[in-house]
Amino acid sequence: MSIDLEYPDGSVVQHPDGVTGREVAESIGPGLARAAVAVKVDGELRDLERPIGGSGSFAVITLADDDGLHILRHSSAHVLAQAVLDLYPGSTFAIGPAIEDGFYYDFKVDEPFTPEDLERIESRMKEIIEEDQPFVRDSVSVDNALEIFSDHQFKREIIADVDPSEVSPGEDVTLYRNDGFVDLCRGPHLPSTGRIPAVKLTKTSGAYWRGDQARDQLQRVYGTAWPSQKDLEEYLVRQEEAEKRDHRKLGNELDLFSFPEELGPGLAVWHPKGGMLRKVIEDRSRQMHEKYGFEFVFSPHLAKADLWETSGHLGYYAENMYPGMELDNDQEYRVKPMNCPGHVLIYKSRARSYRDLPIRLSELGGVYRYEKSGVVHGLLRSRGFTQDDSHTFCTEDQLDSELRMHLDFVVAWLRDSGFEEFEADLSTQPAKSVGEQSRWDFSEKTLGAVLDSSGIPYKVAEGEGAFYGPKIDLHVRDAIGRRWQLSTIQLDFTLPERFELEYTSADNTSEQPYMIHCAKAGSLERYMGVLIEHHAGAFPAWMAPVQVTIVPVADRHIGYGSEVRALLEGRGLRVELDESGDTVGDKIRKAITQKHPAVIVVGDNDVEARTVGLRMYGEDRDTRGVPLTEAVDRLAEMAEAPPL
RNA sequence: GCCGGGUUAGCUCAGCUGGCUAGAGCAGCUGAUUUGUAAUCAGCAGGUCAUCGGUUCGAGUCCGAUACCCGGCUCCA
């Protein structure tokens, strides 16, 4: 008896039945066998020591593979649990998966972990790794497993929840043992604990059992694990990089905005530099909306509670709305969390004909949402923000072209801001939904077709749509690879129904329009937060609040500096002239620290020859003696926004 | 909302186990310096140690509450 294994290079090699992954790896080469942590047979990962079940595709997994990293981190989580159970008698453990860049494990302990605990646990983990304990796979019956984990309530709950139809007979529950430690686990694992090259615990936090607020609050320990100490260090450097980009830190350093305690959590004030950035973004938004055929409307920040009753917000969204205020004749008013009802009322302000459609209404609308106290996070999650919102009303026939236009628009918008990588989610009808089925079907089909022809990679998120309609969400990757959800294009079947929107068709019948919500940036404030992090505060010149700083070498050059400034301002540039008594080096340093795109230095030679010294952000050398007219042209070109 | 950590000058941070008038750098102000590409020198000023309450002979330091911030969880129709 023998089996045929197809290697990644396409060759097919015969092996005896019952051969293990390790034996196959050894047959290929001793180096590979040493690096191997698991094997993948027909897409299924298996421990190295397990016999390979049968013929099929075969690959050796090492720590260089994503699968290998996942196994490394999963095994690290086991060692973490082992260390905690060792050090804290009476503690019990819940779940501990591998996550991006690391792993975590949830525990129930008497006292929450302190930073010192973390050090203790990490030391114990290193001892376990030092001892190089083999991970041994085992499988037992459900009853047997319940017995083994008699002291561990969460494990028992997991076992009890296992769907018997999903496990093959005789392998009811798989376990992994190393030394005295045993955990419930599907595997696979590293051959032994000694195969963890670099591990570090990073933080602790609270977490609910099964993510349910009503259940036990557990202590979560996060860690990270890498194929080498060097990889770990690089990861830590990357973390530091990300910290340096933190928009809250840069917002303060570049004097863009602040969150004064007096205002209340999640409420920002924009300082002049941030205000200029906002103005640039808002102007751009309005130009783009105009280009794509949107009209501008305005709606108030307050409206009668009845309106929110009709729209359904008080039914579905009240938790996130500020409490009502009683005004004239006990009339209750609410602060708006969304712009849609206002725009709907504009649609309803007169009878509409099919000839009027599509109607595209847009507004940079300020909204207020009551975010729970623990979730506010700088500009990325605040309680007051501005949506670059639009609502489009159209006929069924127009839906395809409207959706195409909306998608083109958001992609152009994101590209102009400096994002290059996009991914989309197409979220479809959830289990509980409202609206006619035919509308759901038609809209989902249309959204899919629009995405297909856009060339944007996307995945279908089955059942992830809102109850009122399917949607496309657009994600971007930032400069350091993080994924942000920004734009959204959503169909809404409930508002036209609730507000009884209609138009008269060519056949003189009354029809309900399709309604498309679309936010390009989402929240402008959040968008600016993301931009700050993406560009690390060094904005593209067209966005930068200050585009050029002029540094006179000595006071006698201020006159010429003013002349240069006037020329640049005449070309629409935002310019600062540094008239302080600081040294040239200091003035340049200040401009660079503030990440201004260009610095101009003017001294005696320049006044004489009508030239300037030019230094661009990010370049550590300067060009002297650039003719003034040429410099002005170059800077004006630099500061040009992308073509509309 | 929940768990944990934090809050000392405008900013970044020292301040040991409770013990004289709470320190530094940067920023600010004043003066000198007039400088050619990432920090000129000197002086001055600046803090109810988040707030309120408690323990103590004595609290920045210990305890409690509140506010706000941070990391997660939950939430984000």
Side-chain angles (χ1 to χ4, degrees), chain A residues 99 104 106 108-109 111-115 117-118 202-222 243 246 248-249 252-253 255 258-267 311-321 337-338 340 369-378 380-381 430 432-434 465-469 471 485 490 492 494-495 517 522-523 526 549 551-558 580-594 599-606 612-617 619-625:
Chain A
I99 53 174
Y104 69 79
D106 287 344
K108 189 174 174 186
V109 283
E111 293 289 325
F113 295 121
T114 62
D117 287 325
L118 224 57
T202 50
K203 58 195 172 194
T204 59
S205 81
Y208 300 105
W209 169 233
R210 301 240 147 128
D212 185 345
Q213 275 189 66
R215 308 195 64 178
D216 285 270
Q217 174 112 31
L218 307 173
Q219 292 299 312
R220 177 168 299 178
V221 179
Y222 284 90
E243 262 172 53
D246 191 311
R248 294 165 299 187
K249 193 172 146 69
N252 185 34
E253 286 170 7
D255 199 15
S258 59
F259 287 88
E261 202 177 318
E262 294 87 335
L263 233 39
L267 299 168
S311 70
H313 287 91
L314 282 176
Y316 295 100
Y317 200 68
E319 262 192 14
N320 285 288
M321 292 174 67
M338 294 187 195
C340 355
R369 297 183 184 174
Y370 176 71
E371 300 288 357
K372 286 181 183 165
S373 62
V375 308
V376 293
H377 181 87
L380 300 183
R381 191 80 177 269
K432 281 180 76 175
S433 66
V434 302
F467 73 88
Y468 54 77
K471 62 173 177 176
Q485 198 231 298
Q490 310 197 2
D492 190 325
T494 189
L495 285 181
H517 300 262
S523 146
R526 176 169 179 272
T549 302
V551 173
V553 172
D555 287 355
R556 64 179 176 280
H557 309 119
I558 289 177
S580 70
D582 296 327
T583 59
V584 174
D586 201 14
K587 287 188 272 200
I588 288 168
R589 180 174 174 273
K590 277 192 293 182
I592 294 175
T593 308
Q594 288 294 302
V599 180
I600 279 180
V601 179
V602 291
D604 287 333
N605 302 337
D606 297 300
V612 299
L614 201 51
R615 180 190 188 104
M616 311 303 282
Y617 185 82
E619 295 175 10
D620 46 8
R621 47 193 300 262
D622 58 285
T623 317
R624 302 197 192 181

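The figures that follow rest on heavy atoms only: side chains count, while hydrogens, waters and symmetry mates do not. In what follows, chains carry the letters A, B, and so on, assigned in the order in which the sequence lines appear, proteins first and then strands, with residues in each chain numbered from 1. The structure displayed is predicted, hence computed values, not measured ones.
Across the strands present, U48(B) finds no partner; the criterion is a Watson-Crick or G-U wobble pair with both atom distances under 3.5 angstrom. Both distances falling under 3.5 Å, in either a Watson-Crick or a G-U wobble arrangement, place G10(B) opposite C26(B). The base-pairing partner of U40(B), taking Watson-Crick or G-U wobble contacts with both distances under 3.5 Å, is A32(B). The partner of C73(B), taking Watson-Crick or G-U wobble pairs whose two distances both stay under 3.5 Å, is G1(B). Across every strand in view, C62(B) sits in a pair with G54(B) that passes the Watson-Crick or G-U test at under 3.5 angstrom. Searching all strands for a Watson-Crick or G-U wobble partner of U21(B) with both distances below 3.5 Å returns nothing.
A straight line from CD of E253(A) to P of G10(B) spans 18 Å, rounded to a whole angstrom. When rounded to the nearest whole Å, the span between NZ of K587(A) and P of U33(B) equals 16 Å. We find that CD of Q594(A) is positioned 17 Å from P of A38(B), with the value rounded to whole Å.
Within the nucleic acid shown, G585(A) comes within 4.0 Å of sugar-phosphate atoms alone, with no base atom in reach, counting heavy atoms only. Among the heavy atoms of the strands lying under 4.0 Å from D586(A) are primed sugar atoms or P, OP1, OP2 only; no base atom is included. Looking at heavy-atom distances under 4.0 Å, V601(A) makes contact with a base.
If you check G1(B), A39(B), A67(B) against the side chain of E261(A), the one that comes closest is A67(B). Closest contact between the side chain of S373(A) and the listed nucleotides G1(B), C3(B), U37(B) involves G1(B).
Between the base of G36(B) and the side chain of D606(A) there is a donor-acceptor pair shorter than 3.5 Å.
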I need a per-nucleotide contact map over nucleotides 72-77 of chain B, read 5' to 3'. Cutoff is protein heavy atoms under 4.0 Å; write B for the base, S for backbone only, - otherwise. BBBBBB
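Aromatic ring centroids of Y468(A) and Y316(A) lie 6.0 Å or more apart.
Between R624(A) and U37(B) there is a side-chain N or O to OP1 or OP2 distance below 4.0 Å.
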